[in-house]
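Model, not experiment: these values are computed from the prediction. Along the sequence shown, the residues carry numbers beginning at 1.
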Amino acid sequence: MDYQRKKKLTFSTIGLIFLFSGVEYAVILPTIWRYLQTLEAAPYFLGLAMSAFSLSGLLSGPLFGYWSDRTRTTKKIILLCNLFEIIGNFMYFMGYSKWLLLSSRLLAGIGTGAGSSIFGFLTRSTTSEDRTTVFAAVMACRQAGLLVGPALNIFLRLCDFHIGPFIVNKYTAPGLFMFLLWILLQLAVVFMYWDLPPMERRISNPHEEENVPGPSEEEVEEEVMPLMTSQELVGSYGSVTTSSMCKGHRSAEPNDSPVESPVTLPTHELPTPFRISMTCQEFLREEVIVLLAAQFITLFNQTALETMVTPLTQKYFNFKELENSVMYCLGGVVVIVGFLLVHWLSRHFTERVVLAIGLTICNISCIWCLIFLTNPLGSFSWQLTEFIIGVFLQTLGLPFVAVAQVSLFSKVTSESTQGFSQGVRRSVGGLATILGPLWGGGLTENMYIMVGAMMALLILLTIMLAFSYKRLVEPTVEHVEHVESSQPSTSGLST
């Protein structure tokens with residue numbers, strides 16, 4: 001099978017992974033509140049169940065990302081993570097007690113750790129110019145799942161039968177349905193997923209893709225040397241990678257006399273203490289901190305509002321499973337439209353402009369919620385209109401911030417440790433999705449405090465972005481020199 005076909009099948013499988021993760025979230029979220037009520041759970045248990053899923057993902061993401069950086073493989077990691085999803089969803093289907101349901105979400109959350117490995121794989125397998133488009137497409141697949149999930153719930157709510165000792169009803173059916181979907185995905189990964197070589201390896205040896213005889217290794221190195229020097233020194237938005245060819249090229253004298261210089265190891269081949277030190281220094285840079293803050297604050301606000309939505313619609317509009325599913329379905333349509341806008345804008349504007357647009361929409365949304373949703377007034381139709389506008393603005397702004405900060409993050413961090421870096425980024429998001437539901441679930445009766453804190457976080461993020469806006473363009477010379485100087489050479493390592 002040729003390389004292009006493998007790449008197409010692999011990327012399609014990645015799309016399915018994110019599609020199914022969106023479906024899982026969307027089929028469970030509208031019914032989990034009433035499911036817990038049938039198990040006699042206290043109201044705070046809703047926040048615990050939603051946070052448990054994020055907690056295990058927070059812990060597993062960096063570990064799986066580090067594993068993928070070390071091995072340069074992702075297929076085994078995805079297969080392992082899918083097993084956790086399969087077992088967790090079957091436990092959710094069993095549903096004997098609230099504690100079993102809580103444990104099922106905790107176990108299924110481990111499966112989300114594969115996302116860090118996948119984003120690292122995509123970073124290494126795409127060019128910086130195409131990365132935003134690829135990330136937008138992958139994240140749109142998850143949003144498509146969020147769109148399809150509520151529609152599936154319309155049919156799953158009709159289930160009412162037994163399978164042996166297990167009851168299949170509108171609350172347990174989502175667990176059984178996702179159990180079967182993850183089994184199908186496991187088969188798709190086995191037969192349709194390949195660990196493709198990194199982009200720099202394919203550039204350095206283009207004859208590898210076509211299976212035809214090419215020039216010798218020395219000739220390839222000699223031809224590629226100037227190209228790799230430019231690419232790896234500057235990168236794009238700070239994607240700094242290292243290369244022994246780059247070092248050797250810069251150390252050559254004008255008279256072409258060879259000068260012996262130490263060879264710099266690629267980052268993933270460095271000893272663990274050096275690699276950890278470099279990675280920690282990388283996360284302390286201003287632009288990285290701003291992007292991690294954007295990840296945390298937007299997800300914190302999103303999950304807090306999502307947790308508040310179902311009790312709010314039950315209180316003011318008497319919504320049930322069908323109405324909530326339709327609401328989430330329409331919200332998914334808005335998000336898909338948002339991703340299409342991001343896909344178009346990314347061709348005409350830089351990621352930082354897209355990020356600024358998304359943050360502006362999020363600020364407007366939070367102000368609207370602070371004014372109109374904290375204490376709804378007026379008739380039923382007016383209250384419903386206020387609610388719809390608030391949800392519309394919130395869901396519209398998310399794709400702008402999500403895609404822009406993921407793409408920028410992949411460009412301001414080292415490509416050789418993308419798995420671990422993306423794992424840290426997703427863990428920061430996981431921490432937000434833990435605290436967000438706890439914050440929103442505990443303050444459903446104190447909306448001014450809940451939304452006011454969210455508004456304060458958005459103002460803080462806006463100020464941070466304003467002061468670091470220029471640093472999100474390209475890596476500074478000082479940063480490039482710092483990364484290069486901080487890497488040990490082989491001459492300083494014992495063999």
Short question: side chain of [X], backbone of [Y] - any donor-acceptor pair under 3.5 Å?
X: Trp368; Y: Glu386; result: yes
X: Ser60; Y: Ile110; result: yes
X: Arg285; Y: Val412; result: yes
X: Ser427; Y: Gly423; result: yes
X: Tyr35; Y: Tyr92; result: yes
X: Lys75; Y: Val190; result: yes
X: Asn89; Y: Ala108; result: no
X: Ser410; Y: Ser407; result: yes
X: Ser421; Y: Thr413; result: no
X: Asp195; Y: Thr73; result: no

Once you round to the nearest 0.5 Å, how far does [atom1] of [X] lie from [atom2] of [Y]?
X: Ser68; Y: Arg124; atom1: OG; atom2: CZ; answer: 5.5 Å
X: Lys7; Y: Thr126; atom1: NZ; atom2: OG1; answer: 8.0 Å
X: Cys366; Y: Met454; atom1: SG; atom2: CE; answer: 4.5 Å
X: Leu102; Y: Phe53; atom1: CG; atom2: CZ; answer: 13.0 Å
X: Leu398; Y: Cys362; atom1: CG; atom2: SG; answer: 5.5 Å
X: Met450; Y: Trp439; atom1: CE; atom2: CH2; answer: 9.0 Å

Search all heavy atoms of [X] against all heavy atoms of [Y] and return the closest pair with its distance.
X: Pro62; Y: Val424; result: CG-N, 4.2 Å
X: Ala49; Y: Ile32; result: CB-CD1, 3.9 Å
X: Gly120; Y: Gln422; result: N-CG, 4.0 Å
X: Gln186; Y: Ile78; result: OE1-O, 4.4 Å

For Gln302, the option from Leu299, Leu305, Thr298 that meets side chain to side chain contact (heavy atoms under 4.5 Å, CB included): Leu299
Contact check, side chains of Val309 and Phe387, non-hydrogen atoms, under 4.5 Å: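 Contact flag for Val309/Phe387 side chains = yes.
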Validation row: Gln405, Arg425 side chains within 4.5 angstrom (heavy atoms): yes
Partners passing salt bridge (Lys or Arg N to Asp or Glu O under 4.0 Å) against Glu85 (at least two apart in sequence or in another chain):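 Residues passing salt bridge (Lys or Arg N to Asp or Glu O under 4.0 Å) with Glu85: none at all.
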Any pair counted as salt bridge (Lys or Arg N to Asp or Glu O under 4.0 Å), so long as it reaches residues 19-29, sequence neighbours left out: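 Output for this query lists Glu24-Arg105.
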Tyr66 versus Ser116, side-chain donor and acceptor atoms under 3.5 Å: no
Selection residues 8-27 - residue pairs positive for ring-ring contact (aromatic ring centres under 6.0 Å, His included), sequence neighbours left out: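 For residues 8-27, and leaving out neighbouring residues, the ring-ring contact (aromatic ring centres under 6.0 Å, His included) pairs sorted by first residue read Phe18-Phe119.
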side-chain contact (heavy atoms from CB on, under 4.5 Å) assessment of Thr360 paired with Ile364: CA-CA 6 Å; Thr360 301; Ile364 296 173; 4.2 Å; yes
side-chain contact (heavy atoms from CB on, under 4.5 Å) between Ile118 and Thr74, intermediate numbers included: CA-CA 7 Å; Ile118 293 173; Thr74 54; 5.6 Å; no
